[in-house]
There are 2 protein chains.
Amino acid sequence: MSPQFTIERIYSELRQQIVNRSIPPGSKLSENLLSRKWNVSRTPIREVLRRLESEGLVTSHRYKGVLVNLITLEDVEQLYPIRIYLEGLAGKLATPIISGDPEKLKVLEKFCREMEVLSKKKDIEGYIAKNNEFHYYIWHSCGNGWLIKILENLNSQVNRFIVKALHVPHRIDRSVCEHWDICEKLRMGDGKKVERAVQSNHRRAFEDLKRELTNRS
Amino acid sequence: MSPQFTIERIYSELRQQIVNRSIPPGSKLSENLLSRKWNVSRTPIREVLRRLESEGLVTSHRYKGVLVNLITLEDVEQLYPIRIYLEGLAGKLATPIISGDPEKLKVLEKFCREMEVLSKKKDIEGYIAKNNEFHYYIWHSCGNGWLIKILENLNSQVNRFIVKALHVPHRIDRSVCEHWDICEKLRMGDGKKVERAVQSNHRRAFEDLKRELTNRS
DNA sequence: GAAGTTCAGATTGTATACACTTCGGATAAT
DNA sequence: ATTATCCGAAGTGTATACAATCTGAACTTC
């Protein structure tokens with residue numbers, strides 16, 4: 001049988017299920033259930049759970065089990081400033097790399113055009129996915145592996161909170177402009193301006209999200 | 001016997017030994033040796049190692065064992081910009097909390113006076129420890145648990161690189177001034193100025209470190 | 001009937017046993 | 001002497017067995 005490639009798969013699938021809320025916050029993860037589900041013993045399951053715990057996705061209580069961490073608005077309010085700062089930094093670091101490579105610029109502009117189409121079709125879910133791809137692409141061009149890892153963790157946590165339907169239509173129109181703006185600044189090769197553009201994009205997205213949440217409650 | 005309080009102790013002691021280089025980078029960690037050393041079975045040892053791996057302190061190679069990660073100047077060059085940004089942010093967030101609490105200001109000023117004494121005594125090791133305490137204290141007053149966790153990880157990684165004797169005497173004198181400056185800005189309650197002061201403190205420390213390293217090679 | 005107690009089932013924590021892979025030296029062939 | 005092959009010891013990966021703890025329902029007691 002496939003010997004121990006499985007454990008890596010268990011980890012990434014379980015992780016993704018937690019991040020995309022198919023395993024909702026607050027769920028209990030039973031070692032026995034998981035081991036039966038994946039046809040492995042409890043030992044590798046426990047190692048997967050420890051890894052998830054160390055990433056802050058679950059919490060293990062002695063003799064009581066493992067719970068998927070809750071994510072509240074307060075958490076997101078703490079996470080966003082960090083994300084805004086670090087994505088700004090990533091944008092600044094990525095600027096010389098992207099502006100010096102026409103291929104990369106084309107990829108980003110293609111994302112923008114696709115976002116435009118999705119926004120006109122009111123395909124909110126698709127838009128959010130494309131939006132994520134756009135930002136992912138910038139991170140991964142920043143050349144700083146430590147930064148990439150931190151941003152991926154932050155993004156996972158934030159995504160766990162975002163309720164997809166929440167995104168407001170008029171937010172999307174503005175968002176498209178902001179992404180074109182980031183592209184333009186990247187093309188100019190001005191890292192400081194890219195940093196500010198990325199930061200204000202996230203800042204506005206967060207403010208709109210908060211406004212929407214408080215209006216609805 | 002103490003049932004499973006031990007595993008937490010094993011984790012923190014092993015972690016500290018890696019961070020303070022008493023287990024140097026590149027060392028191999030054998031599960032059998034560790035389990036004999038702590039009088040436990042391999043199972044809890046493996047869970048500790050997975051946790052350390054997830055933090056980026058060790059790397060596990062299939063069927064070959066676990067190695068303590070190397071930390072190079074290139075790593076530190078990637079880590080420092082992140083740290084500079086985030087400690088600046090932490091300083092800004094901590095400003096209203098600290099400036100509104102005379103007790104906290106007194107603690108920080110006490111650290112500064114102690115640093116002054118240690119610097120005059122040329123007690124470099126003691127100075128570095130106190131310097132760390134100073135920054136730790138500011139982080140932990142920022143009120144953002146996620147930020148604190150990230151900063152602690154970054155600090156562990158950087159500390160693993162810093163060779164204590166490397167710190168140059170004249171750097172210490174300037175460092176004392178910079179810390180008094182941070183205190184002053186905190187007392188004023190101006191978050192933006194605190195942010196800049198913290199950032200420039202770290203930026204200069206890193207530049208001096210790099211200069212020293214390149215001169216010696 | 002309400003509050004406290006007890007005990008069995010279930011779940012987690014740890015130890016041990018077994019399976020698979022790696023690595024290095026001994027042996028054999030050229 | 002050099003290369004190739006093979007085997008076994010050592011170490012990791014996984015499964016199973018046992019110990020400690022928690023939970024909840026039945027039972028007692030008032």
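Chain letters run A, B, ... following the sequence lines, proteins first, then strands; residues in each count from 1.
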Report task. Could you check A/Asn155 against A/Leu151 for side-chain contact (heavy atoms from CB on, under 4.5 Å), going step by step and ending with a plain yes or no? Result -> CA-CA 6 Å; A/Asn155 199 48; A/Leu151 279 171; over 6 Å; no
Using 4.0 Å as the upper bound for N to carboxylate O, is an ion pair formed by [Y] and [X]?
| X | Y | value |
| --- | --- | --- |
| B/Lys130 | B/Glu133 | yes |
| B/Glu55 | B/Arg15 | yes |
| A/Glu212 | A/Arg171 | no |
| A/Glu53 | B/Arg50 | no |

Query raised in the report: With a cut-off of under 6.0 Å to the ring centre and 45° to the axis, is B/Arg83 in cation-pi contact with B/Tyr80?
Result: yes
Query raised in the report: Near DNA chain D, under 4.0 Å by heavy atom, which residues of residues 43-53 of chain A?
Result: A/Thr43, A/Pro44
**Report entry** Audit row: A/Arg203, A/Glu207, salt bridge (charged side-chain N to carboxylate O under 4.0 Å, His left out) steps and yes/no
**Finding:** CA-CA 6 Å; A/Arg203 210 181 325 263; A/Glu207 281 166 7; 5.5 Å; no
Nearest to side-chain heavy atoms of [X], which nucleotide of [options]:
| X | options | value |
| --- | --- | --- |
| B/Ser30 | D/dT12, D/dA15, D/dA17 | D/dT12 |
| A/Ser41 | D/dG13, D/dA15, D/dA20 | D/dA15 |
| B/Tyr63 | C/dG13, D/dT12, D/dA15 | D/dT12 |

Round to a whole Å and report the spacing from [atom1] of [X] to [atom2] of [N].
| X | N | atom1 | atom2 | result |
| --- | --- | --- | --- | --- |
| A/Glu31 | C/dT11 | CD | C1' | 8 Å |
| A/Asn32 | D/dT21 | CG | C1' | 15 Å |
| B/Leu34 | C/dA15 | CG | C1' | 17 Å |

Query raised in the report: What is the nucleic acid contact for B/Val40, judged by heavy atoms within less than 4.0 Å: base, sugar-phosphate only, or nothing?
Result: sugar-phosphate
Query - Dot-bracket notation for DNA chain D, counting Watson-Crick and G-U pairs under 3.5 Å, with | for partners on another strand - result: ||||||||||||||||||||||||||||||
Report task. Would you check if B/Glu109 and B/Glu114 make a side-chain contact, meaning some heavy-atom pair closer than 4.5 Å? Result -> no
Report task. Compute the centroid of each ring, for B/His140 and then for B/His135, and state whether the two points are separated by less than 6.0 Å. Result -> no
Query raised in the report: More 5' along DNA chain D: B/Leu29 or A/Asn39, using each one's nearest nucleotide?
Result: B/Leu29
